[in-house]
Asker: 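If you scroll down you'll find the structure; I have some questions about it.
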2 protein chains.
Amino acid sequence: MTRVPVNRSSAYSPPVTASSAGAPAFALDRSSPVPLYYQLAQQLEAAIEHGELRPGALLGNEIELAGRLGLSRPTVRQAIQSLVDKGLLVRRRGVGTQVVHSQVKRPLELSSLYDDLEAAGQKPATRVVSNAVEQASAEVAAALGIAEGSEVHHLERLRLSHGQPMAFLSNYVAVSRLDLDTGRLESTGLYRMMRSAGITLHSARQTVGARSATPEEARLLDEPGGAALLTMQRTAYDDTGRAVEYGAHIYRASRYAFDFQLLVRA
Amino acid sequence: MTRVPVNRSSAYSPPVTASSAGAPAFALDRSSPVPLYYQLAQQLEAAIEHGELRPGALLGNEIELAGRLGLSRPTVRQAIQSLVDKGLLVRRRGVGTQVVHSQVKRPLELSSLYDDLEAAGQKPATRVVSNAVEQASAEVAAALGIAEGSEVHHLERLRLSHGQPMAFLSNYVAVSRLDLDTGRLESTGLYRMMRSAGITLHSARQTVGARSATPEEARLLDEPGGAALLTMQRTAYDDTGRAVEYGAHIYRASRYAFDFQLLVRA
DNA sequence: TAGTGGTCTAGACCACGTT
DNA sequence: ACGTGGTCTAGACCACTAT
């Protein structure tokens, strides 16, 4: 699931408000470009978030809900399904659809993907150590699916938090995919530059490991010699499946951990 | 997306085979209990897997596909959507639906969730170190959402691979949720016991970090003193959002890494 | 302008869980 | 037996992209 809004444009009746038996009211605007199923999903999510729909609460069956809202059942189902996919609702045959029993809340934060890319500019919390065009090493070329020796941007940054170093980030982007002007990079951020170049991130593959710090790394991150470091290699792909960015990062394990959520499939 | 099959049961026409212009053929069986959209999704996935549908290949528009297969468009869309969600296909308005440009392949493997639980029995690769009922510590109680001091099963296992220790796994399950008989546990596995107790895993929250090994841990895992270890804490939830299992594990960083895929939402 | 996916409707029958 | 979600149909109109 998870698609974007954008569409619709009619001019029928004014906003419809529906309510029943203490259940929250939903206001759907058919003149809005936001899809009806998306409007409903957002309002359901807000109701859950604000505690109007408590964990375990039943939503009422889909047919009745559809009738109350003046929507068709498939549209209501689409809204519900998107929240089921987010882990906020559960469907049970013969029982109904209910709000998940608290817990789990905040879905995965994409760990540090956006974070790393968004901050590629000169944010106070990030110091750009170097930004140059190099020839791709075998490792980088393989990760980006390009020929060894191709030109790539190599961006090295030190991530700070509260004045303390947190991580050392090393990113690679093929020049052929995006020409990174240093000036714009520092003011705009890598992620925004990708977007405006028509590249939409779609997925990323990450490997998280650990190892002991080399003396140089220990010095850079202000850790004692041989301290445990978290390592992360990530390749990000656009929506056609082509590699966009590769990063090989190290984090101070004493101050950093990856936190994420898995949804069980099927 | 991602639901389970199971349903349907009619007895109309025999299997339908459709094909056109070199595109792969799909055989749909309306008498099968497997949903039509699911049959189609599986066959599309197989065609991609086997290279019959190459990266970048267009699927043909949905209306025509539906007509060719004798399905309605929503059904075809449902099949396609499930593969889009898996990251195998991309839709573009005005263009069509195409196979993702290679890469990315194997979606997330749920890292070691199933792996850890499945192997909870006496698999040759796993040695049960201890299995006892204890009173929940504050950490465990908080993770499982139960009262401190409640009875929990505590299972400790050493994970081996090729005769070498790989990880030390420490799991907790509330007695009130599942009464673990040691004998059955070793022969059946934790995951299967949960399933037969009506518990279906739904999601899990994980934190991955690193630290240096204590002398005892180093000895246990056959690592040099102070070696870097990967740590992982995981809480697994059932489909009502209640915590089912909590684990605090350590892995030899020299031999183990977490590999997973992120899908960008929206 | 033509073609494609995105959204929506108003029904239908079936399978599963609860009662 | 009944109620709920699961699946499916046969259309419709709209929005975006490319030519």
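Chain A is the first sequence line, chain B the second, and so forth, proteins listed ahead of strands; every chain is numbered from 1.
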Asker: Within less than 4.0 Å of OP1 or OP2 of C/dC8, is there a side-chain N or O belonging to A/Y37?
Answerer: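 Checking A/Y37 against C/dC8: no side-chain N or O falls below 4.0 Å of OP1 or OP2.
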Asker: Using a cut-off of less than 4.0 Å, is there contact between a side-chain N or O of A/N61 and OP1 or OP2 of D/dT4?
Answerer: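 Affirmative; the distance criterion is met.
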Asker: Assuming nearest nucleotide by heavy-atom distance, tell me which of A/R92 and B/G60 is located more 5' along DNA chain C.
Answerer: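 Nearer the 5' end of the strand: B/G60.
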Asker: Counting heavy atoms from C-beta on, name the nucleotide in D/dT9, C/dT7, C/dT18 closest to the side chain of B/S72.
Answerer: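 Ranking D/dT9, C/dT7, C/dT18 by closest atom to the B/S72 side chain puts D/dT9 first.
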Asker: Between atom CZ in B/R77 and atom C1' in C/dC8, what is the gap in whole Å?
Answerer: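 Atom-to-atom, B/R77 to C/dC8, this comes out as 11 Å.
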Asker: Taking the minimum atom-to-atom distance to the side chain of A/T97, which one of D/dG5, C/dC8, D/dT9 wins?
Answerer: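 Of D/dG5, C/dC8, D/dT9, D/dG5 is nearest to the side chain of A/T97.
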Asker: Using whole Å, report how far CZ of B/R30 lies from C1' of D/dT7.
Answerer: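 Computing the B/R30:CZ to D/dT7:C1' distance gives 11 Å.
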Asker: Hey, which of these two, A/G94 or B/T75, hits DNA chain D nearer its 5' end, going by closest nucleotide?
Answerer: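 Nearest nucleotide further toward 5': that of A/G94.
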Asker: Taking the side chain of B/P74 as heavy atoms from C-beta outward, which of C/dG5, D/dT7, D/dA10 is closest to it?
Answerer: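 The closest nucleotide is D/dA10.
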Asker: Between atom CD1 in B/I63 and atom P in C/dT7, what is the gap in whole Å?
Answerer: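 It is 15 Å, rounded to the nearest whole Å.
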Asker: Classify the side chain of A/R73 and the base of D/dG6 as holding, or not holding, a donor-acceptor pair under 3.5 Å.
Answerer: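 By the distance-only test, yes, there is a pair.
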Asker: Answer yes when A/E64 and A/R73 have at least one side-chain N-carboxylate O distance shorter than 4.0 Å, and no when they do not.
Answerer: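 No, no charged N to carboxylate O under 4.0 Å.
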Asker: Going by the side chain to side chain contact (heavy atoms under 4.5 Å, CB included) test, name the single residue among A/V76, A/T75, A/I80 that passes it with A/Y37.
Answerer: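 It is A/T75; the other options fail the test.
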Asker: Between B/N171 and B/E245, is any side-chain donor less than 3.5 angstrom from a side-chain acceptor?
Answerer: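 Side-chain D/A pair, B/N171 to B/E245: present.
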Asker: Within the 3.5 Å criterion, strictly below it, is a donor on B/R91 or B/Q81 matched to an acceptor on the partner's side chain?
Answerer: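 Looking only at side-chain atoms, B/Q81 and B/R91 do form a donor-acceptor pair, the distance falling under 3.5 Å.
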Asker: Could you verify whether a donor N or O on one side chain and an acceptor N or O on the other, from B/R205 and B/Q233, lie under 3.5 Å apart?
Answerer: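 Their side chains do not contain a donor-acceptor pair, so the 3.5 Å distance test is not met.
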Asker: Using atom CZ of B/R93 as one end and atom P of D/dC16 as the other, report the distance to the nearest whole Å.
Answerer: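 So the CZ-P distance, B/R93 to D/dC16, works out to 5 Å.
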Asker: In whole angstroms, how far is the P atom of D/dT17 from the CG atom of B/L58?
Answerer: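 Going from CG in B/L58 over to P in D/dT17 covers 16 Å.
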Asker: Whole angstroms only, please: what is the CD-P distance between B/E62 and D/dG11?
Answerer: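 Going from CD in B/E62 over to P in D/dG11 covers 17 Å.
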Asker: Between C/dC8, D/dG5, C/dA10, which nucleotide has the shortest distance from any of its atoms to the side chain of A/R91?
Answerer: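 Closest of the options to the side chain of A/R91: D/dG5.
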Asker: Rounded off to whole Å, could you give me the CG-to-C1' distance for the B/L28 and D/dT7 pair?
Answerer: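 So the CG-C1' distance, B/L28 to D/dT7, works out to 14 Å.
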Asker: Between A/L36 (CG) and C/dG6 (P), how many Å, whole number?
Answerer: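 Interatomic distance, CG of A/L36 to P of C/dG6: 17 Å.
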